Amino acid sequence: MRLSRSLVPTIKEIPSEAQIASHRLMLRAGLVRQTSAGIYAWLPLGLRVLRNIERIVRQEQDAAGAQEMLMPTVQPAELWRQSGRYEDYGREMLRITDRHDREMLYGPTNEEMITDIMRQSVKSYRELPQILYHIQWKFRDEVRPRFGVMRGREFLMKDAYSFDLDRAGAVVSYRRMMLAYMRTFQRLGLRAIPMVADTGPIGGDLSHEFIVLAPTGESQVFYDAAFDDIDYLGGEFEHGSAENLDRFFSLMTTNYAATDEKHDAATWDRVEPARRREGRGIEVGHIFYFGTKYSKSMGLSVTGADGKPVIPEMGSYGVGVSRLVGAVIEAGHDEAGIIWPDSIAPYRAAILNLKPGDAACDRMCETAYVGLAGDAILDDRPERAGVKFAEADLIGLPWQIIVGPRGAANGAVELKRRATGERVEMPLSKAIRACT
RNA sequence: CGGAGCGUAGCGCAGUCUGGUAGCGCAUCAGUCUGGGGGACUGAGGGUCGUGGGUUCAAAUCCCGCCGCUCCGACCA
């Protein structure tokens with residue numbers, strides 16, 4: 001993108017309404033704008049990050065054997081009456097009446113809807129197990145939205161639903177999703193830890209929340225440092241083998257990890273002192289096994305091998321995609337701005353033309369822009385160098401190719417790594433290769 | 001939902017107590033200088049003072065209602 005023709009409304013001052021780093025930086029770097037309390041418009045740069053996170057989430061869901069679909073945001077109240085949650089959910093649910101006086105709602109989650117779809121479509125035990133997911137906007141009318149996209153009312157969530165014939169199968173699905181989540185978070189450059197959780201209004205008896213460590217997190221967490229050394233991407237764990245998943249799951253659950261609500265001082269004291277880690281955490285995902293809660297209340301059953309009805313065992317698995325944008329920034333920033341992980345940065349590099357109008361600078365910047373196949377922000381604005389440096393650091397792309405008249409005369413640019421601040425002078429072609 | 005605040009130029013704010021010409025900084029636009037870490041100077045444009053009513057000769061300012069937003073607490077991907 002050419003910055004001179006793009007909507008990237010950066011802000012120099014700190015917005016007064018933003019209390020935490022990620023919120024301030026998202027506003028300052030021009031990623032989002034608030035349109036109502038807890039409701040945000042995603043500007044071009046922010047949307048690219050959101051899409052990149054979605055892509056990783058999608059790849060890992062697919063790898064775990066889940067199928068993508070898309071359910072609507074607006075749902076009929078009738079479905080929620082069947083499960084009994086229409087009244088239970090309370091004021092957090094945004095209720096809508098259409099022109100025919102039909103009661104509708106803006107979905108806060110989709111258990112009822114997916115169960116309805118499955119009961120219409122799945123008739124035989126041969127058709128299970130299945131896991132379905134979608135990435136869709138949700139609305140929960142939070143009493144007090146805050147912290148920008150971390151705690152908005154409208155948010156983008158990936159929610160998956162598993163259907164198995166028995167508890168043993170459901171447990172395999174649950175573990176698969178847990179592995180998918182750990183892989184997803186690692187790819188996002190986040191250290192996330194699964195912690196035993198309350199099941200809340202969704203119900204059930206097996207539930208974990210995934211907590212990302214960040215100093216501005218909302219809850220206090222305690223965990224065993226053993227989690228820090230686990231590599232989920234290296235091939236040690238796989239979705240295909242129940243035995244392997246079993247080993248994975250016991251690794252996740254035997255090491256101590258708890259939020260302050262579930263913290264057990266006695267068990268904590270048995271963790272080797274050198275391995276005790278304590279800090280603040282942000283919940284970025286939550287998974288539940290809830291048995292037949294919805295299948296039973298809503299009449300989902302399939303015919304079993306013996307000709308008798310079987311009520312499927314279900315689970316649901318949510319990850320806050322839009323919240324992750326905030327979480328990634330909480331985990332990666334400094335005084336100057338955001339430091340994006342390579343995996344989700346809106347663009348790979350910023351090309352800073354320190355002297356637009358200078359033939360050599362212009363030519364080298366164009367070469368760099370083409371060389372990066374447009375996966376870069378070309379700062380071609382007639383601004384001073386200082387402004388460009390400051391905004392490039394604020395936006396936080398992984399690389400900066402700095403093209404100034406000094407080096408341009410003999411074909412050299414500076415390549416700066418945002419994360420470390422390290423700057424090295426080198427030929428343009430080498431800099432381009434380093435970024436790709 | 002309990003408690004507390006705030007709505008004045010794109011952003012951040014002063015002015016409100018004590019009614020009488022709507023202001024400052026940043027940003028924007030034009031020009032000059034400058035030119036490797038948010039530069040300087042000169043000039044210009046930009047306002048239904050959240051909204052509806054009331055009091056008054058006169059309301060950003062006083063009174064009442066409404067709306068919006070923020071913060072603290074209890075709750076959540």
Side-chain angles (χ1 to χ4, degrees), chain A residues 9-20 23 27-28 30 33-39 53 57 89-93 107-110 135-160 181 185 192 197-202 207-212 218-219 259 261 281-288 316-327 335-337 352-358 361 379 381-395 400 402-408 413-414 416 421 423 425:
Chain A
T10 55
I11 303 171
K12 196 156 70 171
E13 295 94 14
I14 296 171
S16 63
E17 76 270 21
Q19 298 301 303
I20 62 168
H23 189 195
L27 292 168
R28 289 192 56 214
R33 283 295 181 265
Q34 178 169 304
T35 61
S36 304
I39 303 180
I53 293 177
V57 168
Y89 219 91
R91 306 293 87 76
E92 276 203 3
M93 183 146 71
T109 176
N110 285 66
I135 299 174
Q136 177 64 290
W137 292 93
K138 304 290 189 291
F139 195 93
R140 292 183 192 171
D141 201 355
E142 296 276 348
V143 216
R144 182 148 119 75
R146 65 186 121 168
F147 304 142
V149 301
M150 300 275 287
R151 180 84 180 273
R153 292 194 293 172
E154 186 182 61
F155 56 96
L156 187 61
M157 180 162 96
K158 184 289 299 178
D159 41 322
Y181 277 28
F185 297 133
D198 282 323
T199 51
I202 294 185
S207 174
H208 285 84
E209 54 188 20
F210 296 79
I211 305 283
V212 162
E218 291 191 67
S219 49
T259 59
E261 302 101 50
I282 303 162
E283 182 182 354
V284 291
H286 204 149
I287 61 178
F288 304 86
S316 81
Y317 315 89
V319 57
V321 176
S322 48
R323 173 177 281 190
L324 276 168
V325 179
E335 310 72 40
L352 307 191
N353 189 343
L354 297 190
K355 193 168 186 184
D358 177 280
C361 287
D379 193 346
R381 300 170 305 164
E383 293 286 350
R384 298 173 60 85
V387 173
K388 297 189 178 190
F389 287 132
E391 291 195 5
D393 285 349
L394 174 61
I395 291 168
Q400 293 171 21
I402 299 164
V403 183
R406 243 163 34 193
V413 300
E414 278 174 272
K416 172 176 162 177
R423 293 161 71 137
E425 187 166 303

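Reckoned from all heavy atoms, side chains included, excluding hydrogens, waters and symmetry mates. What you see is a predicted model; the values in this text were computed from it and never measured. Chain letters run A, B, ... following the sequence lines, proteins first and then strands; every chain starts at 1.
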Trainee: What I want to find out is whether A:Arg91 reaches A:Glu142 closely enough, with some N-O distance under 4.0 Å, to be called a salt bridge.
Mentor: no
Trainee: Between atom OH in A:Tyr181 and atom C1' in B:A77, what is the gap in whole Å?
Mentor: 9 Å
Trainee: Applying a 4.0 Å non-hydrogen cut-off, can you work out what A:Gly285 is touching in the nucleic acid: base, sugar-phosphate, or nothing?
Mentor: sugar-phosphate
Trainee: Under a 3.5 Å cut-off for both distances, is B:U42 Watson-Crick or wobble paired, and to whom?
Mentor: B:A30
Trainee: Categorize A:Val284 for me: base, sugar-phosphate, or nothing, with a 4.0 angstrom heavy-atom threshold over every strand shown.
Mentor: sugar-phosphate
Trainee: Please give me the minimum heavy-atom distance between A:Pro145 and A:Gly38, naming the atom from each residue.
Mentor: CB-CA, 3.7 Å
Trainee: I'd like to know if A:Lys388 and A:Glu383 make a salt bridge, using a cut-off of under 4.0 Å between side-chain N and carboxylate O.
Mentor: no
Trainee: Can you tell me if A:Phe155 is stacked onto the base of B:A77, using a 5.5 Å centroid cut-off and an angle below 30°?
Mentor: yes
Trainee: Can you tell me, in whole Å, how much space there is between the C1' of B:U61 and that of B:U55?
Mentor: 13 Å
Trainee: How long is the line joining CZ of A:Arg151 and P of B:G73, in whole Å?
Mentor: 11 Å
Trainee: Between B:A77, B:A74, B:G36, which one does the side chain of A:Val143 approach most closely?
Mentor: B:A74
Trainee: Name the nucleic acid region contacted by A:Glu209, choosing base, sugar-phosphate or nothing; use a 4.0 angstrom heavy-atom cut-off, strictly under.
Mentor: nothing
Trainee: If you assign A:Thr35 and A:Ile14 each to the RNA chain B nucleotide with the nearest heavy atom, which residue ends up on the more 5' nucleotide?
Mentor: A:Ile14
Trainee: From CD of A:Gln34 over to P of B:C11, roughly how many Å is that when rounded to an integer?
Mentor: 12 Å
Trainee: Write down the distance between CD (A:Glu335) and P (B:G38), rounded to a whole number of angstrom.
Mentor: 16 Å
Trainee: Which listed nucleotide (B:U70, B:G38, B:G36) is nearest to the side chain of A:Arg406?
Mentor: B:G36
Trainee: With a 4.0 Å cut-off on heavy atoms, is A:Ala385 in touch with a base, just the backbone sugar-phosphate, or nothing at all?
Mentor: sugar-phosphate
Trainee: Considering only atom C1', compute the distance from B:G10 to B:U28 and round it to an integer number of Å.
Mentor: 8 Å
Trainee: From the list B:G38, B:C76, B:G37, which nucleotide is the closest neighbour of the side chain of A:Arg28?
Mentor: B:G38
Trainee: Looking at B:C72, I'd like to know if its phosphate oxygens (OP1 or OP2) sit under 4.0 Å from a side-chain N or O belonging to A:Gln19.
Mentor: no
Trainee: Atom CD of A:Glu391 and atom C1' of B:G37: how far apart are they, to the nearest Å?
Mentor: 12 Å
Trainee: Both A:Glu142 and A:Lys388 contact RNA chain B. Taking the nearest nucleotide for each, which residue is further toward the 5' end?
Mentor: A:Lys388
Trainee: Nearest to the side chain of A:Phe288, which nucleotide is it out of B:G36, B:A77, B:C69?
Mentor: B:A77
Trainee: Just call it for A:Arg91: base, sugar-phosphate, or nothing, with non-hydrogen atoms closer than 4.0 Å on any strand.
Mentor: nothing
Trainee: Answer yes if the ring centres of A:Phe288 and A:His286 are under 6.0 angstrom apart, and no otherwise.
Mentor: yes
Trainee: Using atom C1' in both nucleotides, what's the gap between B:A59 and B:C17 to the nearest angstrom?
Mentor: 15 Å
Trainee: Taking atom P of B:C76 as reference, at what distance in whole Å does atom CZ of A:Phe139 sit?
Mentor: 18 Å
Trainee: For B:C1, give its Watson-Crick or G-U wobble partner with both distances under 3.5 Å, or none.
Mentor: B:G73
Trainee: Indicate, with a heavy-atom threshold strictly under 4.0 Å, whether A:Arg153 touches base, sugar-phosphate, or nothing.
Mentor: nothing
Trainee: Considering only atom C1', compute the distance from B:U16 to B:G5 and round it to an integer number of Å.
Mentor: 16 Å
Trainee: Hey, does the side-chain of A:Arg146 have a donor or acceptor N/O within less than 3.5 Å of a partner on the base of B:C69?
Mentor: no
Trainee: Now, which nucleotide makes the Watson-Crick or G-U wobble pair with B:C13, with each of the two distances under 3.5 Å?
Mentor: B:G23
Trainee: Scan A:Arg423 against the nucleic acid and name what it touches under 4.0 Å (heavy atoms): base, sugar-phosphate only, or nothing.
Mentor: base
Trainee: I want to verify a distance call: between B:A77, B:G38, B:C75, whose nearest atom is closest to the A:Glu92 side chain?
Mentor: B:C75
Trainee: With both distances under 3.5 Å as the test, what is the Watson-Crick or G-U wobble partner of B:U61?
Mentor: none
Trainee: Could you verify whether a donor N or O on one side chain and an acceptor N or O on the other, from A:Asp393 and A:Gln400, lie under 3.5 Å apart?
Mentor: yes
Trainee: Could you measure between the two C1' atoms, the one in B:G36 and the one in B:U42, and give it in whole Å?
Mentor: 27 Å
Trainee: Look at A:Lys12 and B:A27 and indicate whether a side-chain polar atom (N or O) is within less than 4.0 Å of OP1 or OP2.
Mentor: yes
Trainee: Under the 3.5 angstrom rule, does the side chain of A:Arg140 hit a backbone N or O of A:Pro108 as a donor-acceptor pair?
Mentor: yes
Trainee: Partner of B:G68 by Watson-Crick or G-U wobble geometry, both contacts under 3.5 Å, or none?
Mentor: B:C6
Trainee: Please give the distance between the P atoms of B:C29 and B:G2 as a whole number of Å.
Mentor: 47 Å
Trainee: Roughly how far apart, to the nearest Å, are B:G65 and B:C24 at atom C1'?
Mentor: 33 Å
Trainee: Considering every strand and a 4.0 Å limit on heavy-atom distances, what is the contact class for A:Asp159: base, sugar-phosphate, or nothing?
Mentor: nothing
Trainee: For B:G35, give its Watson-Crick or G-U wobble partner with both distances under 3.5 Å, or none.
Mentor: none
Trainee: If you take all heavy atoms of A:Ser322 and A:Leu156, which pair is closest and at what distance?
Mentor: OG-N, 2.9 Å
Trainee: Can you check the A:Phe147 CZ to B:C71 P distance for me, whole Å?
Mentor: 8 Å
Trainee: Is a side-chain N or O of A:Arg323 found less than 3.5 angstrom from the main chain of A:Met150, in a donor-acceptor match?
Mentor: yes
Trainee: For the base of B:G35, is there a side-chain donor-acceptor partner from A:Arg384 under 3.5 Å away?
Mentor: no
Trainee: Base of B:G3, side chain of A:Arg144 - is there a donor-acceptor contact under 3.5 Å?
Mentor: no
Trainee: Between B:G38, B:G36, B:A77, spot the one nearest the side chain of A:Ala390, thanks.
Mentor: B:G38
Trainee: Base, sugar-phosphate alone, or nothing: which one does A:Leu324 contact when heavy atoms must sit under 4.0 Å apart?
Mentor: nothing
Trainee: So A:Gly152, base contact, sugar-phosphate only, or nothing? Heavy-atom distance under 4.0 Å.
Mentor: base
Trainee: Go through the steps for A:Leu354 and A:Val403 under the test side chain to side chain contact (heavy atoms under 4.5 Å, CB included), then give the verdict.
Mentor: CA-CA 6 Å; A:Leu354 297 190; A:Val403 183; over 6 Å; no
Trainee: Taking CE from A:Met157 and P from B:C76, how many angstroms apart are they, rounded to a whole number?
Mentor: 14 Å
Trainee: Can you tell me how far P in B:A9 sits from the matching atom in B:G54, rounded to whole Å?
Mentor: 25 Å
